[in-house]
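Counting convention: from 1, in listed order, for ligands and their atoms alike.
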Amino acid sequence: MDLTPRQQRALQSICDTFAPPTGDWPSASELGIPGAMAQALDLNPRPGERAQFLQLLDIWDSHLHSLLSVGRWTSFSALPMETRVRVLLSWADSGLGRRRGVFQALRKAVGFLYVMLPGAGGGASPVWSQIGYPGPLGPQKPKPRPLNPIVSQGDMELSCDVCIVGSGAGGGVAAAVLADAGREVVVLEAGGYYDDADFDGAELGGFQRLYLEGGFAATADQSVGLLAGECLGGGTVINYCTSFRTPDDVRAEWAAAGVPWFTSEAYTRSLDAICARLSVNSEHNRVSAREQALQRGLGALGWHAAKMPRNVVGCEQGKICGYCGYGCSLGAKQSSAKTWLVDAQAKGARLVTETRAQRVRIEAGAATGVEARSPKGFRITIRCKTVVVACGAIHTPALLLRSGLRNEHIGRHLHLHPVSNVCGVFEEEIRPWEGTMQAIYSDEHRFLTGNYGVKYETTALQPVIAVAVLPWREPEQYRSLLGKLANTTAIGVLVRDRDGGRVSLDREGNPVTQYALSEFDRAHLRSGFIGAARILEAAGARQIFSPHAKWCAYEPGRSGSLQSFTQAMDAAGWNSGQLALFSFHIMGSARMGSSRKNSATKPDGETWEVRNLFVMDGSSFPSASGVNPMISIEAIAHHNAFALGATKEQ
Ligand SMILES: Cc1cc2nc3c(=O)[nH]c(=O)nc-3n(C[C@H](O)[C@H](O)[C@H](O)COP(=O)(O)OP(=O)(O)OC[C@H]3O[C@@H](n4cnc5c(N)ncnc54)[C@H](O)[C@@H]3O)c2cc1C
């Protein structure tokens, strides 16, 4: 994205206010962050949002902006540093959610790039040595690749029985099951194909190649970051291998919501089949230094703790494992690209990558094909008898809406399992970017209200994951927190959200995501933060802080208490943009149900409006799963693809 000189000046001074040059730490400009931010803007597919950002830069350096923010009639770039900091904080602490959202977006973008960009000539970043972070794994040895996807070299027409759009958790399973049932299958995948040898652990390349919108996707108000895969294998390539079966209480709830087969033996068999193919086991659960704090804290409190079931074979559980979120270079993670897509290909399925479906063709009330485009603008046209949409819960409703479906439940009931970290700084070195992704968890507070509550899990704190929720109040304190990252661990609080958001379309047909925590869900998040602080305190943390925009912290036994911490968090607020939230679990936006009045699809996944058009991915959930969703998504796709494959004529 080309910026005008005025916009460039504004962006540079914003970035250098977040990260000015000090001592051994480089400034944002020295690392090239303003240019990288301008480039990252191109990853946002929504022209409206890009235009809004440019408008913001246009006004940012105006005298009027400084006057309204801090009462000074001069441009932002001419203000002294401490006044510029005050301007940024006036956005962070604004009474207007929109302004807080802008601050959060800027904080995240500058923070991400600050720790993610390499140093001069692509070498180690000076920031990494300040943090003590070793940097990426580096180039990996070439290996044979199990899949042979097609990449279009021109306009292309293909015919098949079933076209599956999306190759992640749901799409991968549907492809394998339907190909095994003798159907001629074509899978369309928007992202590219990457395998073990490509996974060098670099955060920048990892996000750019493997994640939706390069990792910058977020709700429209920027209050929740949205993390999802965009590559062959989808989220299963970059996810953390936690493999929970659908809990019995959730199965009962979903059956009561109009999908009776959730409590059937057939669904149990699908769960069994998925866990068998993914080699789900509890024998790769070495507890890293990062998780020892969780284990110690839970033990001291006498709270529930258990081993994570994980879909890995030969997992190293050491230094390499911390890079799992950028693909497993060892091939230990049993992603769709290692399992279901291999099975599908062996049965003749064709995999077409770098191909984004634009719309489903519908004739006489039935799906008859898919129209897609490659990034180079080639047209890919698929003629088929059945379409299975498995684009993930943001893009599935978008594709259905673009294709003209109008059922009011398409795009609604979006669940995100909003998650954030409460951090603890310890005396000893932890190196939280290393070790098994998620070896243990706690369900101590899973049932806070009925079967709604929180799960406690940790994740490897690669620098980007750490800064995603790291509060920024002024540059020195921020760098001090970064400097302590090697001694920091975090307890992730994952909320089973009862009340949902919505995916709709912008004028160009791109998905726009609206989401705000309800009072009910906020109360659980609050309880979870208090619980996480208790775990960290019991584990011996010296300092504990929350991801609020305002600084909320205490030092057990030395300064403040759990009570003062809770009061500070309540004063800082629980509304949108008042704290950093993320979602790794995007669900429910084209849900199954008993009638077109309460759902987007029938229990077998077929849309109520269009025959032979099915949904088989995280969108299908009747409500949030309450556990990490991959196994449930795959089991639903398995169950419904099996039923579809068993029908006579497609
Ligand atoms: C970092 C991270 C860690 C996670 N860890 C875990 C974990 O440990 N355990 C767990 O259970 N869950 C985890 N999850 C969540 C889990 O991976 C997802 O819930 C799951 O992959 C979603 O499956 P899906 O089939 O709905 O969509 P996805 O797996 O996201 O697949 C959708 C695919 O469709 C493609 N697509 C989208 N639009 C189009 C289009 N128009 N045309 C063609 N293709 C399109 C996308 O590129 C993508 O590859 C994690 C997620 C992330 C991001």
Of the backbone atoms (N, CA, C, O) and the side-chain heavy atoms from C-beta on, which set of [X] has a member under 4.0 Å from an atom of ligand 1: side chain, backbone, both, or neither?
{"X": "E230", "value": "both"}
{"X": "A390", "value": "backbone"}
{"X": "C241", "value": "backbone"}
{"X": "C391", "value": "both"}
{"X": "I633", "value": "side chain"}

Treating [X] as the side-chain partner and [Y] as the backbone partner, does any N or O pair qualify as donor plus acceptor under 3.5 Å?
{"X": "E189", "Y": "S167", "result": "yes"}
{"X": "D617", "Y": "G170", "result": "no"}
{"X": "S403", "Y": "V360", "result": "yes"}

With a distance cut-off below 6.0 Å to the six-membered ring centre and an angular limit of 45° from the axis, does K333 pair with F199 as a cation-pi contact?
no

Does Y194 have R209 sitting over its ring (NZ/CZ under 6.0 Å from centre, angle to axis within 45°)?
yes

For [atom], grab the closest protein heavy atom and report residue, atom and distance to one decimal in Å.
{"atom": "atom 31 (O) of ligand 1", "answer": "G168 CA, 3.4 Å"}
{"atom": "atom 45 (C) of ligand 1", "answer": "A190 CB, 3.7 Å"}
{"atom": "atom 42 (N) of ligand 1", "answer": "A357 N, 2.9 Å"}
{"atom": "atom 16 (C) of ligand 1", "answer": "N239 ND2, 3.9 Å"}
{"atom": "atom 23 (O) of ligand 1", "answer": "A169 CB, 3.3 Å"}
{"atom": "atom 8 (O) of ligand 1", "answer": "T242 N, 2.9 Å"}
{"atom": "atom 28 (P) of ligand 1", "answer": "G235 N, 3.8 Å"}
{"atom": "atom 46 (C) of ligand 1", "answer": "E189 OE2, 3.5 Å"}

Ligand 1 and [X], any nitrogen or oxygen pair closer than 3.5 angstrom?
{"X": "A393", "result": "no"}
{"X": "D617", "result": "no"}
{"X": "I238", "result": "no"}
{"X": "M630", "result": "yes"}

Plane angle bin for [Y] and [X] - parallel if under 30°, tilted between 30 and 60°, otherwise perpendicular:
{"X": "F642", "Y": "H638", "answer": "parallel"}
{"X": "Y133", "Y": "Y323", "answer": "tilted"}
{"X": "Y267", "Y": "H639", "answer": "perpendicular"}
{"X": "W254", "Y": "F621", "answer": "tilted"}
{"X": "F582", "Y": "F584", "answer": "tilted"}

For [X], take its heavy atoms, then give the atoms of ligand 1 lying under 4.0 Å from any of them.
{"X": "N628", "answer": "9 (N), 10 (C), 11 (O)"}
{"X": "L227", "answer": "53 (C)"}
{"X": "G170", "answer": "25 (O)"}
{"X": "A228", "answer": "53 (C)"}
{"X": "G392", "answer": "26 (O), 27 (O), 32 (C)"}
{"X": "C231", "answer": "47 (O), 49 (O)"}

Ligand 1 contact by [X], heavy-atom criterion under 4.0 angstrom:
{"X": "T355", "value": "yes"}
{"X": "P629", "value": "yes"}
{"X": "L399", "value": "no"}
{"X": "Y211", "value": "yes"}

Please determine whether salt bridge (Lys or Arg N to Asp or Glu O under 4.0 Å) holds for the pair R350 and E184, giving the CA-CA distance in whole Å, both sets of side-chain angles, and the decisive distance to 0.1 Å.
CA-CA 9 Å; R350 285 167 286 172; E184 210 184 336; 3.1 Å; yes

Residues D343 and R277 bridged, charged N to O under 4.0 Å:
yes

Neighbour count >12 (heavy atoms, 6.0 Å) for atom CZ, R379:
no

